[in-house]
Each structure stands twice: as C-alpha cells, then as structure tokens.
Amino acid sequence: MLTSHTLPNAQARPASRSAPVRRIRRQQLPATAPGPRAAADHHRALFARVQSFVWAHLGDPELRPDTIAAAHHISTRSLHRLFRSQGCTVSSWVRRQRLNRARRDLADPKLAHRTIQTIAATWGFTRAADFTRAFRTAYGVPPQDFRTGALRADHDLGTP
C-alpha cells in the first residue's frame, strides 16, 4: 500500500506548477450561469413563446400543462415555475384565455346562429356545465344572459 509519503517524487505534483495551472484553467472556463438580466430575458422570451403556443391551440381540449411543457422541451415543473413568476398558474391562465375568446364570440352578432355549447367547444370546453360554471364565476352572469344582453345592446346601438 502506497501512502503520500511513500510516493516517488516523479509522481508528486510540484506546488509551484499547480497554482499557475489553476489560474489558467479558471481563465479558460466559460461562464456557466447567465447573469440575472440574461435569465430574465430568457424567461420573458420563453413566456412569450408559451403564450403564442397556447393561443394557437386554445381550441384543443387536450391542451394541458404537460402538453405545453413537452412542446417547449421543458419540464412541467419548470412551466409551473414560469407561470408562478408571472403571478398565475398555467391552468388558470389557459382558462382565462379560453373564457375571453368565448366571451368575445358570444357577443359577436355574426356568430349569433352558433349555439353557446358550440362556441364553448370551439375554445376547448368539452362540457357545457363546466363552461357555464367557469363563465359565471369569471363574469358574474351565465353565458346565455351575457349573450342576450350583449346582442341586445348591439342591436340597440344599431350595429348591422
């Protein structure tokens, strides 16, 4: 068994040579962690890409955090962390976007011939009861009442 005091001098590293080598190696190493500004820029860009993806796929009832994360090659946990940094959750943000689009369509006189359930399904709501409950929670009225009031207001304004 060899110990440090029995090693031949040829195998021992001279102390005078190790310090400059460490200094050179330290200078050659690339920066591994981006600065705070680069990280913030990356998060903003990633959030913008995620938003664009969600808006393009709002009508897909299978749009869930795991599918969004997979499409961006990040973990579901990272996706949740990204949305938490924006002050919301992935699911609540997606639901709010879907509800906004459905609300816009319900108020559109050109879409008055479409049923409420058809409009809800267009934006990813597969169950009428879930849509009605979410809509009432978000806007304080059921979708039918909102639509009636919006179309009446539009008609009263004389919009063709």
Side-chain angles (χ1 to χ4, degrees), residues 21-160:
V21 170
R22 278 194 301 255
R23 222 180 356 261
I24 291 170
R25 285 186 184 149
R26 202 175 311 130
Q27 291 170 354
Q28 292 174 346
L29 291 176
T32 56
R37 180 177 229 172
D41 289 345
H42 171 73
H43 282 102
R44 271 193 299 279
L46 178 59
F47 190 71
R49 285 193 309 271
V50 169
Q51 283 179 313
S52 294
F53 177 84
V54 169
W55 287 326
H57 296 90
L58 274 177
D60 182 359
E62 297 300 314
L63 184 66
R64 293 185 308 267
D66 57 334
T67 58
I68 297 167
H72 291 87
H73 309 288
I74 60 174
S75 68
T76 305
R77 182 176 179 172
S78 293
L79 181 70
H80 285 294
R81 194 176 315 123
L82 177 68
F83 273 81
R84 191 169 42 250
S85 73
Q86 302 297 319
C88 60
T89 67
V90 180
S91 297
S92 68
W93 191 84
V94 170
R95 185 181 324 105
R96 187 169 49 247
Q97 301 310 306
R98 286 177 165 164
L99 287 168
N100 287 340
R101 299 286 175 95
R103 182 175 188 252
R104 181 194 65 194
D105 287 358
L106 288 170
D108 188 344
K110 295 175 194 152
L111 300 177
H113 66 282
R114 296 182 76 197
T115 66
I116 291 173
Q117 178 53 36
T118 301
I119 289 173
T122 299
W123 297 114
F125 291 97
T126 56
R127 297 183 56 214
D130 292 341
F131 173 68
T132 299
R133 187 171 28 262
F135 194 94
R136 182 182 297 132
T137 299
Y139 302 114
V141 295
Q144 181 62 54
D145 294 352
F146 171 80
R147 184 179 223 184
T148 301
L151 294 178
R152 183 178 305 127
D154 187 66
H155 177 64
D156 291 346
L157 291 174
T159 305

K.L.:
Do the ring centers of H57 and F53 come within less than 6.0 Å of each other?
P.N.:
yes
K.L.:
Given H80 and T89, is the side chain to side chain contact (heavy atoms under 4.5 Å, CB included) satisfied, shown in steps?
P.N.:
CA-CA 7 Å; H80 285 294; T89 67; 5.5 Å; no
K.L.:
I need the L111 CG to T122 OG1 distance, nearest 0.5 Å.
P.N.:
8.5 Å
K.L.:
How far apart are the closest heavy atoms of L151 and P109, and which atoms are they?
P.N.:
CD2-CA, 3.7 Å
K.L.:
So, taking the atom named CZ in R136 and the one named CG in L99, what distance separates them when rounded to the nearest 0.5 Å?
P.N.:
13.0 Å
K.L.:
If we count only N and O atoms by modelled type, under 3.5 Å, do the side chains of D145 and Y139 hold a donor and an acceptor together?
P.N.:
no
K.L.:
Nearest 0.5 angstrom please: R98 CZ to D60 CG, how far?
P.N.:
7.5 Å
K.L.:
Return the minimal non-hydrogen interatomic distance between T76 and P65, and the atom names on each side.
P.N.:
CG2-CB, 4.2 Å
K.L.:
Show the nearest heavy-atom pair for residues R114 and R147, with the distance to one decimal.
P.N.:
O-NH1, 2.7 Å
K.L.:
Quick one: which residue pairs count as a ring-ring contact (aromatic ring centres under 6.0 Å, His included) with a foot in residues 86-115, not counting sequence neighbours?
P.N.:
W55-W93, F83-W93
K.L.:
Looking at I74, is its backbone amide N or carbonyl O close enough to the side chain of S78 to form a donor-acceptor pair, meaning the two atoms are under 3.5 Å apart?
P.N.:
no
K.L.:
Which is it for L106 and F135 under the side chain to side chain contact (heavy atoms under 4.5 Å, CB included) test, yes or no, and what are the steps along the way?
P.N.:
CA-CA 11 Å; L106 288 170; F135 194 94; 3.8 Å; yes
K.L.:
Side chain to side chain contact (heavy atoms under 4.5 Å, CB included) between T148 and R152: does it pass, once the steps are laid out?
P.N.:
CA-CA 6 Å; T148 301; R152 183 178 305 127; 3.3 Å; yes
K.L.:
Any carboxylate oxygen within less than 4.0 angstrom of a Lys/Arg side-chain nitrogen, looking at R64 and D66?
P.N.:
yes
K.L.:
With rounding to the nearest 0.5 angstrom, report the CG to CG distance, L58 to L63.
P.N.:
6.5 Å
K.L.:
Just how far is it from atom CZ of R49 to atom CZ of R44, taken to the nearest 0.5 Å?
P.N.:
13.0 Å
K.L.:
Return the CH2 to CG distance between W123 and D105, rounded to the nearest 0.5 Å.
P.N.:
6.0 Å
K.L.:
Under the side chain to side chain contact (heavy atoms under 4.5 Å, CB included) rule, what do F125 and I119 come out as? Steps first, then yes or no, please.
P.N.:
CA-CA 9 Å; F125 291 97; I119 289 173; over 6 Å; no
K.L.:
Which residues satisfy the salt bridge (charged side-chain N to carboxylate O under 4.0 Å, His left out) test with R96, sequence neighbours excluded?
P.N.:
none
K.L.:
Do any N or O atoms from the side chain of S92 and from the backbone of C88 form a donor-acceptor pair under 3.5 angstrom?
P.N.:
no
K.L.:
Considering non-hydrogen atoms only, spot the tightest contact between A69 and L79 and give its length.
P.N.:
N-CD2, 3.9 Å
